[in-house]
Number of protein chains: 2
Amino acid sequence: MRPDDEPFIALVDKTARVMRNDMLANAHRAGYAEIAPAHNAVFATLPPEGARSADMAARAGITRQSMGEVVRDMVRLGILEMVPDPSDRRAKIVTYTDYGTKVAQAGLDHIVALDRKLRDELGDDYDAARRVLARVREMLTP
Amino acid sequence: MRPDDEPFIALVDKTARVMRNDMLANAHRAGYAEIAPAHNAVFATLPPEGARSADMAARAGITRQSMGEVVRDMVRLGILEMVPDPSDRRAKIVTYTDYGTKVAQAGLDHIVALDRKLRDELGDDYDAARRVLARVREMLTP
DNA sequence: CTGATAACGTAAGGTTGCCTGTCGAAATAA
DNA sequence: TTATTTCGACAGGCAACCTTACGTTATCAG
């Protein structure tokens with residue numbers, strides 16, 4: 001950081017914000033106006049084959065209760081389904097509906113397109129940035 | 001992004017989170033237990049010589065009302081002071097108290113130390129990361 | 001087999017950090 | 001002067017989390 005340079009934390013924080021806004025704006029542009037910021041915790045942790053909401057909560061770093069609420073909201077919106085887990089009667093398997101699969105795919109396409117664009121334009125810098133971010137996370141994770 | 005790599009947005013988002021947590025933890029370790037996440041909007045936008053809360057709100061990207069609430073909270077905590085602006089009787093100038101200056105300095109020291117550590121350890125990668133983050137922000141800022 | 005313990009989803013209620021709408025007072029423009 | 005804008009503040013609301021506490025089901029030690 002040189003004098004008058006923005007601190008790294010400010011750079012990372014603002015970039016994270018515009019990326020989140022961009023993801024949300026993309027979903028809305030694609031016609032999925034009901035998508036809310038909190039839904040990201042699901043899209044980021046629910047694989048196509050489905051998962052338990054408790055596992056998703058652990059991966060997202062939020063409580064089971066919070067994940068449960070988001071999942072119920074998305075069920076109401078027709079994005080997710082919950083079916084009983086045949087191998088464990090306490091549990092339910094969360095999966096995408098056909099509609100939800102389209103929403104998730106639109107988001108993933110957007111992510112992949114951005115990553116490719118960054119790699120094409122910035123080349124080695126992009127890889128360096130990935131290393132730095134990973135290293136910072138490692139350094140500061142308690 | 002290679003297959004099975006974490007998307008860039010996930011990397012940036014998680015790094016931003018651990019950095020924010022680290023800043024907060026540092027303040028608490030330094031004995032400033034009353035510091036809350038929302039206070040960051042003030043520390044990031046209030047220069048040592050003081051400013052108007054409306055200007056700070058604009059820089060932080062939040063509403064005047066929200067900034068006003070945070071500022072009042074920090075006045076209550078003895079971190080900030082508000083004095084009437086002699087040149088505009090509608091306005092008040094927000095400044096740090098002596099105590100608040102210490103809190104802000106502790107945060108700034110921590111930021112500077114981390115930036116230096118990153119530069120020392122990662123060298124050119126660090127500069128590359130800064131370029132990439134700035135570029136992403138520029139690309140996605142509407 | 002039985003009893004303790006743990007894990008599943010859920011309900012109820014609280015906290016934080018923002019928001020919109022509105023206001024009176026003061027500054028500025030027409 | 002009058003109209004408009006800008007200042008901080010108040011009231012109320014909302015999203016996205018949290019903690020505490022259930023009842024149900026699974027698992028494991030004895």
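Naming convention: chains lettered A, B, ... in sequence-line order (proteins, then strands); numbering from 1 in each chain. Side-chain atoms are counted along with the backbone in the values below, which use heavy atoms only and exclude waters and symmetry mates.
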Atom CE of A/Met56 and atom P of C/dT10 are separated, to the nearest Å, by 12 Å
note: B/Arg20, atom CZ; D/dC17, atom P; distance rounded to Å ~ 12 Å
Q.
Looking at B/Arg76 and B/Asp73, is there a salt bridge between them, counting it only when a charged N and a carboxylate O are closer than 4.0 Å?
A. yes
Among D/dC18, C/dG17, C/dT10, the one nearest any side-chain atom of A/Arg64 is C/dT10
When A/Val70 and B/Ile93 are each assigned the nearest nucleotide of DNA chain D, the 5'-most assignment goes to B/Ile93
Of the listed D/dG8, C/dT20, D/dT25, the closest approach to the B/Thr63 side chain comes from C/dT20
Checklist entry - Does a donor on one side chain and an acceptor on the other come within less than 3.5 Å for A/Tyr126 and A/Asp115? => result yes
Note to self: Over all strands shown, is A/Arg89 touching base, sugar-phosphate only, or nothing at heavy-atom distances under 4.0 angstrom?
What the structure shows: sugar-phosphate
Against the side chain of A/Arg52, the closest entry in D/dA16, C/dG9, C/dG17 is C/dG9
The answer to which of A/Ala51 and B/Asp88 contacts DNA chain C further toward the 5' end, by nearest nucleotide, is A/Ala51
query = Checking only heavy atoms, does the side chain of A/Arg90 share a donor-acceptor pair with the base of C/dG9 at less than 3.5 Å?
reply = no
Give B/Ser53 one of three labels, base, sugar-phosphate or nothing, depending on what nucleic acid heavy atoms sit under 4.0 Å from its own. sugar-phosphate
The nucleotide from C/dC8, C/dC19, D/dG8 with an atom nearest the side chain of B/Met82 is D/dG8
Rounded to whole Å, the CD1-C1' distance (B/Ile62 to C/dG17) equals 9 Å
_Looking at B/Asp13 and B/Arg17, is there a salt bridge between them, counting it only when a charged N and a carboxylate O are closer than 4.0 Å?_
yes
Taken to the nearest whole Å, CZ/B/Arg72 to P/D/dC7 is 16 Å
Sorted by position of nearest nucleotide on DNA chain D, 5' first, the leading residue of A/Ser87 and A/Ala36 is A/Ala36
Short side-chain N/O contact from A/Ser66 to OP1 or OP2 of D/dA16, under 4.0 Å: no
Winner on side-chain proximity to A/Glu69, out of D/dC17, C/dC8, C/dT10, is D/dC17
Got a salt bridge between A/Arg135 and B/Asp125, using NZ or NE/NH1/NH2 to carboxylate O under 4.0 Å? no
**OP:** Anything under 30° is parallel, anything over 60° is perpendicular, the rest tilted; go ahead and classify A/Tyr96 against A/Phe43.
**Re:** parallel
Practice prompt. Answer yes or no: side-chain N or O of B/Gln65 and base N or O of C/dG21 forming a donor-acceptor pair under 3.5 Å.
Written response: yes
Taking C/dT10, C/dG17, C/dC19 as options, the one with an atom nearest any side-chain atom of B/Ala38 is C/dG17
